[in-house]
**Student:** 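Take a look at the following structure, please.
So you know, we letter chains A, B, ... as the sequences are listed, proteins then strands, and number each from 1.
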Number of protein chains: 2
Amino acid sequence: MNLSYETFLQEFEALIGDEWTCIFDMYHKKLNLKNRNIATKKFKTIIESVFKLSHTKGFQAMTLRDLSQESGISMGGLYKYFSNKNQIAEMIHAAMIHMAETCLKIKEYRHLDPVFELNELLARHIYISERLKKWFYFVFMECKSLDRELLNTIMASEQFMGEAILERILDANKQNLSQCTNPDFVSAMLKAMLQDWYLKTWKYQQKNINADQYVANLLLSVYQLIQVK
Amino acid sequence: MNLSYETFLQEFEALIGDEWTCIFDMYHKKLNLKNRNIATKKFKTIIESVFKLSHTKGFQAMTLRDLSQESGISMGGLYKYFSNKNQIAEMIHAAMIHMAETCLKIKEYRHLDPVFELNELLARHIYISERLKKWFYFVFMECKSLDRELLNTIMASEQFMGEAILERILDANKQNLSQCTNPDFVSAMLKAMLQDWYLKTWKYQQKNINADQYVANLLLSVYQLIQVK
DNA sequence: AAAAAAAGCGAACATTCACTCGCTTTTTGC
DNA sequence: GCAAAAAGCGAGTGAATGTTCGCTTTTTTT
């Protein structure tokens with residue numbers, strides 16, 4: 001059996017619902033927001049405007065007047081949904097981390113076939129970053145507007161992923177399923193490819209490669225790179 | 001024969017000299033700078049300060065007061081070396097493009113063994129981006145502070161590189177030197193790896209992988225991915 | 001339907017920033 | 001060694017930005 005993007009999406013919805021209610025759940029108390037219906041819609045328009053503006057001019061260069069105009073919400077109105085500009089970035093980061101971890105950590109992979117585990121790991125990462133494309137892109141590009149603590153969380157989960165990949169390759173070698181001569185480099189390569197998917201979305205869109213095809217190609221490359229027998 | 005980073009550095013010096021005189025040559029007329037000796041030194045301290053500050057807080061978030069303090073040059077003094085803040089970014093971009101193109105285009109690769117050509121292409125790119133690490137990183141992260149024209153130049157040279165890689169793979173297939181079933185994906189993968197080298201410098205530094213080792217690993221992967229016979 | 005609560009508004013405020021300019025110091029040309 | 005030119009200085013300026021707050025409109029509760 002192989003995971004597909006469609007089945008992943010179902011899993012995502014069952015697990016998280018959607019990103020806007022997730023943000024609401026995380027922050028409504030802090031911000032004194034009562035009406036879930038209204039607030040989730042506003043979060044959607046605000047954050048999508050933030051994504052659009054920071055994609056073209058960057059988060060720091062985006063002014064709150066820009067955001068007000070783009071979202072159609074007044075300055076005073078905006079401030080009901082965050083307490084200062086930097087908190088917007090923080091909310092996006094924190095919610096994205098929460099969603100990604102919820103999605104990636106439900107499965108306990110250990111003690112299965114390491115090559116299969118590696119496939120699962122890579123596929124799930126592509127799928128979650130496909131579902132949350134703009135979130136991943138934002139977090140990568142704007143991580144400098146962040147405080148140390150959140151940044152550390154991100155770095156940690158980055159490293160966790162890198163090590164997980166490496167471990168599977170080493171396991172596969174140990175179990176004589178593969179003979180990879182440069183596991184460190186190959187795992188770095190695979191991580192770079194996970195990143196490329198959300199950093200260069202336009203490129204793959206232009207080449208008409210969807211998430212499933214990308215995963216298929218990635219897994220083919222894994223077989224060649226670690227020389228699965 | 002194989003190019004090494006050391007021999008590349010000699011070539012670079014012979015061709016360009018160093019980055020600061022390059023910037024001086026490109027901009028001294030516009031800025032009315034007369035003393036080459038003084039100006040190149042100042043450019044060095046200013047731009048290195050820009051790299052440091054924009055690495056930690058981003059170019060947009062960096063204020064000219066920050067820059068003044070970091071470089072030890074007064075506000076008025078700084079403005080002798082650029083006419084407005086955004087021009088700093090433009091100068092860095094333009095100079096970096098100029099240096100990279102000078103380095104990459106001297107060699108006319110066509111009509112040799114395509115696999116050899118591919119190796120050369122990749123190696124040269126790693127080496128130039130190693131020599132100009134901070135420049136490449138800055139251009140990637142801060143390209144949003146740019147006007148359309150310069151951005152287009154960058155995009156064009158990006159695409160040129162991608163196509164050059166792809167062509168070599170297709171040629172190798174055609175000449176029956178390799179049998180790559182997914183040339184589009186493999187070329188995307190190689191490009192991603194070129195980028196990873198200057199985006200994640202700290203990672204490879206930590207793993208004690210230098211430019212030559214990186215190239216060697218990359219070339220090994222090429223052989224596996226395009227299945228050289 | 002009235003009253004209370006929540007959501008939304010935008011002009012006003014204080015602050016910060018990029019940038020300037022009159023001046024001093026250093027370098028260059030003779 | 002002196003005059004002219006170049007380089008360097010930093011307080012001052014106007015514009016723009018993040019943030020607030022008294023008020024209006026909409027929604028919820030009773």
**Student:** Check the side chains of Gln195(A) and Lys200(B) for a donor-acceptor pair under 3.5 angstrom, ignoring hydrogens and angles.
**Tutor:** yes

**Student:** Taking the side chain of Tyr81(B) as its heavy atoms from C-beta onward, which of dA6(D), dG8(D), dA7(C) lies nearest to it?
**Tutor:**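 Closest nucleotide among those given: dG8(D).
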
**Student:** Taking atom types as they are modelled, is there a donor-acceptor pair under 3.5 Å from the base of dA16(D) to the side chain of Arg65(A)?
**Tutor:**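 Flag unset: no donor-acceptor pair detected.
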
**Student:** Roughly how many Å is it from CZ in Phe82(B) to P in dG8(D), rounded to a whole number?
**Tutor:**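 After rounding, the gap between these two atoms is 12 Å.
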
**Student:** Under 4.0 Å between any heavy atoms, over every strand shown, what does Leu78(A) touch: base, sugar-phosphate, or nothing? Just pick one.
**Tutor:**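 The answer is nothing, as Leu78(A) stays clear of every strand by at least 4.0 Å.
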
**Student:** Using atom CG of Leu31(B) as one end and atom P of dG8(D) as the other, report the distance to the nearest whole Å.
**Tutor:**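 Rounded to whole Å, this separation is 12 Å.
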
**Student:** DNA chain D: Ala39(B) or Met75(B), which has the more 5' nearest nucleotide?
**Tutor:** Ala39(B)

**Student:** Taking CG from Asn32(B) and P from dG8(D), how many angstroms apart are they, rounded to a whole number?
**Tutor:** 14 Å

**Student:** In this structure, how many angstroms lie between the P atom of dC19(C) and the CG atom of Asp66(B), rounded?
**Tutor:** 14 Å

**Student:** Please find out if less than 6.0 Å separates the ring center of Phe82(B) from that of Tyr27(B).
**Tutor:**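 No, they do not, as the ring centres are separated by 6.0 Å or more.
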
**Student:** Roughly, in whole Å, what's the span from CD in Gln69(B) to C1' in dC17(C)?
**Tutor:**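 In whole Å, dC17(C) C1' and Gln69(B) CD are 15 Å from each other.
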
**Student:** How many Å lie between NZ on Lys85(B) and P on dT17(D), as a whole number?
**Tutor:** 12 Å

**Student:** Of all the choices, dA11(C), dG8(C), dG8(D), which nucleotide is nearest to the side chain of Lys42(B) once you look at every atom?
**Tutor:**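 Closest nucleotide to the Lys42(B) side chain: dG8(D).
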
**Student:** Nearest of dT27(C), dC19(C), dG18(D) to any side-chain atom of Leu64(A)?
**Tutor:**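 The closest nucleotide is dG18(D).
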
**Student:** Please check the phosphate of dG10(C) (OP1 and OP2 only) for any side-chain N or O of Tyr79(A) closer than 4.0 Å.
**Tutor:** no

**Student:** So does Lys80(B) get a side-chain nitrogen or oxygen closer than 4.0 Å to the phosphate oxygens (OP1/OP2) of dA7(D)?
**Tutor:**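 Indeed not, no polar side-chain atom of Lys80(B) lies that close.
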
**Student:** Could you give the CG-to-C1' distance, from Asn84(A) to dT19(D), as a whole number of Å?
**Tutor:** 9 Å

**Student:** Is any NZ, NE, NH1 or NH2 atom of the basic residue among Glu19(B) and Lys44(B) found under 4.0 Å from an Asp or Glu carboxylate oxygen of the other?
**Tutor:**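 No salt bridge links Glu19(B) with Lys44(B).
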
**Student:** Take Met99(B) and Leu132(B) through the side chain to side chain contact (heavy atoms under 4.5 Å, CB included) test and state the conclusion after the steps.
**Tutor:** CA-CA 9 Å; Met99(B) 290 187 284; Leu132(B) 300 173; 4.0 Å; yes

**Student:** Tell me whether the OP1 or OP2 atom of dT28(C) has a side-chain N or O from Asn35(B) closer than 4.0 Å.
**Tutor:** yes

**Student:** Among the nucleotides dA7(D), dA7(C), dC17(C), which one has an atom lying closest to any side-chain atom of Thr63(B)?
**Tutor:** dC17(C)

**Student:** Could you tell me if the ring centre of Tyr5(A) sits under 6.0 Å from that of Tyr127(A)?
**Tutor:**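 That pair passes the under 6.0 Å test.
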
**Student:** Reckon Ile73(B) touches a base, only the sugar-phosphate, or nothing at all at heavy-atom distances under 4.0 Å?
**Tutor:** sugar-phosphate

**Student:** In whole Å, what is the span from the CZ atom of Arg36(B) to the C1' atom of dT27(C)?
**Tutor:**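 From Arg36(B) CZ to dT27(C) C1': 17 Å.
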
